[in-house]
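What follows is a short report on a single structure.
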Protein chains: 2
Amino acid sequence: MSNLNKRPQKTVTALDAITADLVAVLVAVTDGHPKIMTIDHAAALPSGPFQFAHRSLQMGLRAWVEAQTGHPLGYVEQLYTFADRGRSGDPDAPHRISISYLGLTREEEGREGADAQWSSWYDYFPWEDHRDGPPAILAKIIAPKLKAWARSVDEPALQKTRWRRAAITFGLDGREWNEELALQRYELLYEAALIPERVREQGGEAAVPGRAMTGDHRRILATGIARLRAKIKYRPVVFELMPDEFTLLQLQRSVEALAGRLVHKQNFRRLIEQQELVEETGAMATDTIGRPAKLFRFRQGVLAERAVVGTKLPLSRS
Amino acid sequence: MSNLNKRPQKTVTALDAITADLVAVLVAVTDGHPKIMTIDHAAALPSGPFQFAHRSLQMGLRAWVEAQTGHPLGYVEQLYTFADRGRSGDPDAPHRISISYLGLTREEEGREGADAQWSSWYDYFPWEDHRDGPPAILAKIIAPKLKAWARSVDEPALQKTRWRRAAITFGLDGREWNEELALQRYELLYEAALIPERVREQGGEAAVPGRAMTGDHRRILATGIARLRAKIKYRPVVFELMPDEFTLLQLQRSVEALAGRLVHKQNFRRLIEQQELVEETGAMATDTIGRPAKLFRFRQGVLAERAVVGTKLPLSRS
DNA sequence: CTATCTTATGCTCATGGAGAGTATAAATGG
DNA sequence: CCATTTATACTCTCCATGAGCATAAGATAG
């Protein structure tokens, strides 16, 4: 790098060394329940520092997740890199950044480590599950508190802006619910100091139901949920979460679990079959109620043909 | 963090300290030419280490970009975090990661720093500009070299997989060109050792036209291009690149410059007006050839109404 | 055995958006 | 006046999507 000396500002001092944490949002769906892998009594995501021994960020992540949960990591994609917003309190503490990843697997029997367990992601975000209609806490708790937050400023224009933002992100005032805004919703609640994590740091009265997590972990989880909800609409990633063989209804239930909303059954099947994402195994599902369904498997060919390209699921993007 | 002691593996030693670089892909479009801000004689992106003094990653980035280029940073979003693939050669060197960002601005007169300049992004990726049809180097140079690369392995199945991958990402064999695959294309060329950056490190004969950059910077640029090309289709970000007032044709030319492909004029206007993204200023464009066009400005309201939601541009996503 | 419940699966219909093309208007320069 | 260039208004077709109706194929309660 002979041109380094052309940028003398770039001198790196020991002071500028930092620490990087790797954090995993590891998702599985077991009969219609979306789950994430947690440690520390369901209060934290699997994570650990990026160490010298790690050959790459992903390798480091895999090492930590397997060590802490006993679960191997399959599909992985990077989510976001956060820097602690100087929350540590100690001004002399070194910078600490978190590099977060989304992982998709299947829940497997008896593979949980000592302190590792699967937890429903809706325990952390109860307002995100709209499969049985808008959850009660939205109208009963969240909307009023956000209204109060909006009114708590003097300027009327700002009041209006705040409330509009709340209404858009939470689908209030007759607006449509948009499941992809999970992260924006969390950040709005955080901003409004309705979240224990925030209260913990800066005071205020906590507020909205939903389990808190260590540090930034719930924000990272929200990032993962939002990303996954967006991604299932145009990439065949749901199949990473399915067993080898499944019925179309099971597939639909998984999609619904992730999206937190229901889809039209016939249209769902039409779309899946049109795109030739699956193929029949020939077998039928046993031990079911009602008319037995055909079993399908993911058609591996699509990965080669379209890994790069696209796929659609009937969750409107408008 | 009382529960830290429950995870003894998490001990952080001095050895695990790392350095983080902040890298910016700063984009502007000046009369139909997409440009990026570069330093070091157009061989590197603005960048510098994340330092103790920086209050956040974005603040650090802004500091570096303004110091190196004199250009203030407007719209910014995070791109990706790369870890050097251990390319430094020195096994004792500390880990170094790059946190990259995409920034959008307007090119302003006389604001270039000593070593900072705007460069056309197609200088670095000549195969990405399809506004005048598929560029000649695709059929003349890239396709044959990729075919050779595919054939250079013994196993026929692998040959086929390689070639299919090349055909899909580059739109060969009669397949459709997909402008969003800019990153995959760069990575494929890299893998095939057709890129100077790769040759520089591991030997092989370089290959494909297109200016190289320092370290990972061209990969980061490809990431930025791909992200921006995807994003203009569903978020009103093009306007960050436009002057205050513009004609619809200028807007269209900017979109085309970024996407590297042409769009249907009438449909473009229909979509822009339908969505009420712009409003007339009342004035007309002067100094033009042909019938004078109305001047428009971006309707700021949409940011409040739909910042979170969406917008469409007529670049099909299929 | 039959009514009922549950799920599977096939089909139709209306709507709206997107791609593509035609036609006309308004400027400029010869 | 004509050719050229850009602006702007419409139209037409195709198809994806959302929604609903109808029927099939099992299990189970009575």
Side-chain angles (χ1 to χ4, degrees), chain A residues 31-32 130-131 176-179 232-234 245-256 259 261-296 309-318, chain B residues 31-32 130-131 176-179 232-234 245-256 259 261-296 309-318:
Chain A
D31 29 66
H130 285 231
R131 283 175 294 178
E176 288 250 319
W177 172 258
N178 181 344
E179 75 278 359
I232 51 173
K233 294 179 188 172
Y234 61 97
E245 304 193 347
F246 49 83
T247 68
L248 291 184
L249 185 59
Q250 286 167 346
L251 181 63
Q252 182 184 343
R253 293 285 178 243
S254 293
V255 169
E256 292 173 337
R261 56 168 23 177
L262 301 178
V263 305
H264 183 102
K265 189 172 184 169
Q266 293 93 323
N267 291 346
F268 181 81
R269 310 169 121 267
R270 177 174 63 187
L271 214 49
I272 298 294
E273 293 181 324
Q274 260 179 11
Q275 297 177 96
E276 302 178 296
L277 294 175
V278 296
E279 61 193 4
E280 299 184 12
T281 67
M284 304 289 280
T286 54
D287 73 321
T288 61
I289 328 177
R291 173 172 170 181
K294 287 180 191 162
L295 281 174
F296 292 83
V309 185
T311 305
K312 284 181 210 160
L313 281 187
L315 291 159
S316 69
R317 275 185 259 175
S318 57
Chain B
D31 26 69
H130 286 230
R131 284 175 293 178
E176 287 252 318
W177 172 258
N178 182 344
E179 74 278 1
I232 50 174
K233 294 179 188 173
Y234 60 97
E245 304 193 348
F246 48 84
T247 69
L248 291 184
L249 185 60
Q250 286 168 345
L251 182 63
Q252 180 183 345
R253 293 285 178 244
S254 293
V255 169
E256 291 173 338
R261 56 167 26 176
L262 301 179
V263 304
H264 183 103
K265 189 173 186 169
Q266 293 92 323
N267 291 346
F268 180 81
R269 310 170 120 266
R270 176 174 63 188
L271 215 50
I272 297 295
E273 292 182 325
Q274 258 179 12
Q275 298 177 95
E276 301 179 294
L277 293 175
V278 298
E279 61 192 6
E280 299 184 11
T281 66
M284 304 288 282
T286 54
D287 73 323
T288 60
I289 328 176
R291 173 174 167 179
K294 288 180 190 162
L295 281 174
F296 292 83
V309 187
T311 304
K312 284 181 209 159
L313 282 186
L315 291 158
S316 70
R317 275 186 260 176
S318 58

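Residue numbers begin at 1 in each chain, while the letters A, B, ... track the order of the sequences.
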Who pairs with A/Glu279 by salt bridge (charged side-chain N to carboxylate O under 4.0 Å, His left out), at least two apart in sequence or on another chain?
A/Arg297
Please enumerate all residues that pass side-chain contact (heavy atoms from CB on, under 4.5 Å) together with A/Ala285, with sequence neighbours excluded.
A/Thr247, A/Thr288, A/Leu295
Using a 4.0 Å heavy-atom cut-off, does A/Leu248 contact any base of the nucleic acid, only the sugar-phosphate backbone, or nothing at all?
nothing
Rounded distance (Å) that lies between atom P of C/dT7 and atom CG of A/Leu251
17 Å
Quick tally for nucleotides 25-30 of chain D: nucleotides whose base has a protein heavy atom under 4.0 Å get B, sugar-phosphate-only ones S, the rest -, giving BB----
Protein-nucleotides 9-14 of chain D N/O pairs under 3.5 Å:
residue	atom	partner	partner atom	Å
D/dA9	N6	B/Gln266	NE2	3.3

Roughly how far, to the nearest 0.5 Å, is the CG atom of A/Leu248 from the NZ atom of A/Lys294?
9.0 Å
Report the distance from atom NZ of A/Lys233 to atom C1' of D/dT17, rounded to the nearest whole Å.
14 Å
In whole angstrom, what separates A/Leu271's CG from D/dC15's P?
16 Å
Roughly, in whole Å, what's the span from CD in B/Gln275 to C1' in C/dA18?
12 Å
Residues at least two apart in sequence or cross-chain that pass side chain to side chain donor-acceptor pair (under 3.5 Å) with A/Glu256, listed by chain then number, are A/Gln252, A/Arg253
Can you give me the closest heavy-atom contact between A/Arg261 and A/Glu179, atom names plus distance?
NH1-OE1, 3.2 Å
For A/Arg269, which residues count as a side chain to side chain donor-acceptor pair (under 3.5 Å) partner, sequence neighbours excluded?
none
Nearest whole angstrom, please: distance from the P of D/dG18 to the CG of A/Leu262.
14 Å
Start at the 5' end of DNA chain C and walk down; is the nucleotide closest to A/Leu249 or to B/Gln274 reached first?
A/Leu249
What is the distance from atom CZ of A/Phe268 to atom CG of A/Leu262, rounded to the nearest 0.5 Å?
12.0 Å
What is the distance, to the nearest angstrom, from the NE2 atom on B/His264 to the P atom on C/dG17?
17 Å
Which of D/dA19, C/dT9, D/dA7 is nearest the side chain of A/Ala293? It is C/dT9
To the nearest angstrom, how far is B/Met284 atom CE from D/dT6 atom C1'?
11 Å
Might you point out which heavy atoms bring B/Thr281 and B/Phe296 nearest each other, and give the distance in Å?
CG2-C, 3.7 Å
For B/Lys265 and D/dA7, is the shortest distance between a side-chain N/O and OP1 or OP2 below 4.0 Å?
yes
May I have the distance from B/Phe268 (atom CZ) to C/dA18 (atom P), rounded to whole angstrom?
13 Å
